[in-house]
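The first residue of the sequence shown is numbered 1, and numbering continues consecutively from there.
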Amino acid sequence: MNRKRTAILISGRGSNMDALIAAAQSPAYPAEIVLVLSNAPGAEGLAKAAKAGIATAAIDHKGFEGRAEFEAAVQAELEAANVDLICLAGFMRLLTDAFVGAWHNRMINIHPSLLPAYKGLDTHRRVIRDGGRITGCTVHFVRPQMDQGPIIAQAAVPVHADDMDDSLAERVLTAEHAIYPMALKLVANETVRVAGEKVRFEGEESDQAALLSPAPVQ
Ligand code: GRF
């Protein structure tokens, strides 16, 4: 099997990164994590990745004139590592259209809401403020518009009456850790393809079912 060489881009603690690394430890998993890159040199996730024996790179965006220059440095690292796919996992930089275009259908992101609802930051606070009863998380292909792009996987998560931002975030995070490895698997083994800006599935019936109905979160 030709495992897809995958880079994970992070800015912080990297718990989704951990879930992807854990899944990719199985030789049968169709992606291997070859690089973890962060724009924040102190990101907790970088140290965890290094401990897991994965190559890491810190490229501090503050050291660059602008976004294009920063991204050129990121791109150079990705090319040096011969990367096929990118997973954004809590990567807190907006990307230029040029960078997103260069990775069209080869870059995916996880977002803590049921897109297209609640794009942007502070999703859990806004869901609670609005009295939402169900929220969740989404893995999607990245497009130039923030938190937009063909949807690969979603999980629904209930909002409890006494939830605070943190308790809801924790419950959604559990679902994130379940669907991100599943979504990367389907992209890497080419079960998923994009047609007319929607995701279509080919073969692998059981995985499709799992994506529609991942393990329920209480
Ligand atoms: C997650 O909630 C993810 O959905 C969002 O940023 C957070 C990153 O958390 N994009 P972690 O760094 O993966 O723990």
Side-chain angles (χ1 to χ4, degrees), residues 1-10 12-38 45 48-49 51-56 78 81-91 95 100 102-115 136-143 147-157 171-217:
M1 185 189 31
N2 189 9
R3 301 178 80 199
K4 295 284 191 312
R5 296 176 62 81
T6 303
I8 306 175
L9 270 51
I10 62 166
R13 82 196 141 177
S15 70
N16 279 289
M17 173 205 79
D18 282 338
L20 294 171
I21 290 173
Q25 262 158 9
S26 157
Y29 193 78
E32 61 175 320
I33 310 304
V34 295
L35 176 68
V36 171
L37 185 152
S38 177
K48 289 196 279 182
K51 209 167 163 199
I54 292 171
T56 61
L78 296 168
N82 217 355
V83 164
D84 301 310
L85 295 174
I86 297 176
C87 292
L88 303 180
F91 184 67
L95 296 165
V100 173
W103 291 93
H104 189 73
N105 291 347
R106 297 190 297 147
M107 176 158 62
I108 64 179
N109 179 47
I110 187 147
H111 181 73
S113 79
L114 289 175
L115 291 174
C137 50
T138 303
V139 181
H140 64 96
F141 285 102
V142 176
R143 294 293 183 261
D147 300 328
Q148 191 165 315
I151 290 171
I152 304 161
Q154 292 186 305
V157 175
R171 194 172 316 113
V172 172
L173 205 56
T174 305
E176 294 183 37
H177 299 162
I179 65 167
Y180 210 174
M182 213 186 295
L184 172 60
K185 177 181 168 191
L186 296 187
V187 172
N189 70 13
E190 296 174 14
T191 296
V192 149
R193 71 188 169 84
V194 180
E197 282 302 87
K198 285 199 181 62
V199 160
R200 311 274 174 211
F201 295 94
E202 286 169 0
E204 301 244 7
E205 294 289 336
S206 58
D207 281 336
Q208 291 177 44
L211 275 182
L212 291 173
S213 181
V217 176

S.K.: What verdict does the side chain to side chain contact (heavy atoms under 4.5 Å, CB included) test give for His140 and Leu115, after you've listed the backbone C-alpha separation in whole Å, the side-chain angles of each residue and the deciding distance to 0.1 Å?
M.R.: CA-CA 9 Å; His140 64 96; Leu115 291 174; 3.6 Å; yes
S.K.: How far apart are the C-alpha atoms of Asn105 and Arg143, what are their side-chain angles, what is the distance that settles it, and do they pass the side-chain hydrogen bond (donor to acceptor under 3.5 Å, both in side chains) test?
M.R.: CA-CA 9 Å; Asn105 291 347; Arg143 294 293 183 261; 2.7 Å; yes
S.K.: Nearest 0.5 Å, please: how far is CD in Gln154 from CG in Leu114?
M.R.: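 Leu114 CG to Gln154 CD: 5.5 Å, rounded to 0.5 Å.
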S.K.: Are Ile10 and Phe91 packed together at the side-chain level, in the sense that at least one heavy-atom pair is separated by less than 4.5 angstrom?
M.R.: no
S.K.: To the closest 0.5 Å, what do you measure between CG (Asn82) and CG (Leu35)?
M.R.: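 Rounded to the nearest 0.5 Å, the CG-CG separation comes to 11.5 Å.
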S.K.: How would you list, by chain and number, every residue that makes a side-chain contact (heavy atoms from CB on, under 4.5 Å) with Ala188, sequence neighbours excluded?
M.R.: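 With neighbours one apart ignored, the set is Lys4, Pro30, Ala31, Leu85.
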S.K.: Using 0.5 Å steps for rounding, measure from the CD1 atom of Ile179 to the OG1 atom of Thr138.
M.R.: 6.5 Å
S.K.: Go through Thr174 and His177 one step at a time and tell me if the side chain to side chain contact (heavy atoms under 4.5 Å, CB included) criterion holds.
M.R.: CA-CA 5 Å; Thr174 305; His177 299 162; 5.8 Å; no
S.K.: Mind listing the closest non-hydrogen atom pair of Thr6 and Cys87 along with its distance?
M.R.: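 What the structure gives for the nearest pair is CG2-SG, 3.9 Å.
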S.K.: What are the two closest non-hydrogen atoms of Ile110 and Tyr180, and how far apart are they?
M.R.: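 Heavy-atom minimum between the residues: CG2-CE1, 3.5 Å.
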S.K.: Taking atom CD of Glu176 and atom CZ of Arg171, what is their separation to the nearest 0.5 Å?
M.R.: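 It is 13.0 Å, given to the nearest 0.5 Å.
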S.K.: If you define the side chain from C-beta out and look only at heavy atoms, does anything of Ser38 sit under 4.5 Å from Thr56?
M.R.: no
S.K.: Just by distance, no angles: are the side chains of Arg3 and Asn189 close enough, under 3.5 Å, to form a donor-acceptor pair?
M.R.: no
S.K.: Atom CD of Gln148 and atom CZ of Phe141: how far apart are they, to the nearest 0.5 Å?
M.R.: 15.0 Å
S.K.: Does Arg5 reach the main-chain N or O of Ala81 with its side chain, forming a donor-acceptor pair under 3.5 Å?
M.R.: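 At least one qualifying donor-acceptor pair exists.
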S.K.: So which atom in Met17 and which in Ile8 form the shortest heavy-atom distance, rounded to 0.1 Å?
M.R.: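 Smallest interatomic distance, heavy atoms only, reads CG-CD1, 3.9 Å.
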S.K.: For a quick test of reading the model, state the closest non-hydrogen atom pair linking Ile21 to Ala52 and the distance between them.
M.R.: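 For Ile21 versus Ala52, the nearest heavy atoms are CG2-CB, 4.3 Å.
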S.K.: Side chains of Glu202 and Thr191 only: does a donor on one sit below 3.5 Å from an acceptor on the other?
M.R.: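 On atom types as modelled, these side chains do not qualify, holding no pair under 3.5 Å.
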S.K.: Begin with the C-alpha distance, continue with both residues' side-chain angles, and end with the deciding distance and a verdict on side chain to side chain contact (heavy atoms under 4.5 Å, CB included) for Ile108 and Ile152.
M.R.: CA-CA 9 Å; Ile108 64 179; Ile152 304 161; 3.6 Å; yes
S.K.: Please, which pairs that meet side-chain hydrogen bond (donor to acceptor under 3.5 Å, both in side chains) have at least one residue in residues 17-32, sequence neighbours excluded?
M.R.: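 Every side-chain hydrogen bond (donor to acceptor under 3.5 Å, both in side chains) pair that includes a residue of residues 17-32, provided the two are not neighbours, is Asp18-Lys48.
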S.K.: What's the shortest heavy-atom distance between Ala7 and Leu78, and which atoms?
M.R.: CB-CD2, 3.6 Å
S.K.: Does Arg200 reach the main-chain N or O of Gly196 with its side chain, forming a donor-acceptor pair under 3.5 Å?
M.R.: no
S.K.: Going through the distances and angles, do Val34 and Ile54 end up as a side chain to side chain contact (heavy atoms under 4.5 Å, CB included)?
M.R.: CA-CA 6 Å; Val34 295; Ile54 292 171; over 6 Å; no
S.K.: Please report the closest heavy-atom contact between Val100 and Leu95, naming both atoms and the distance.
M.R.: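 What the structure gives for the nearest pair is CG2-CB, 3.8 Å.
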S.K.: Is there side-chain contact between Leu9 and Val36, with heavy atoms separated by less than 4.5 Å?
M.R.: no
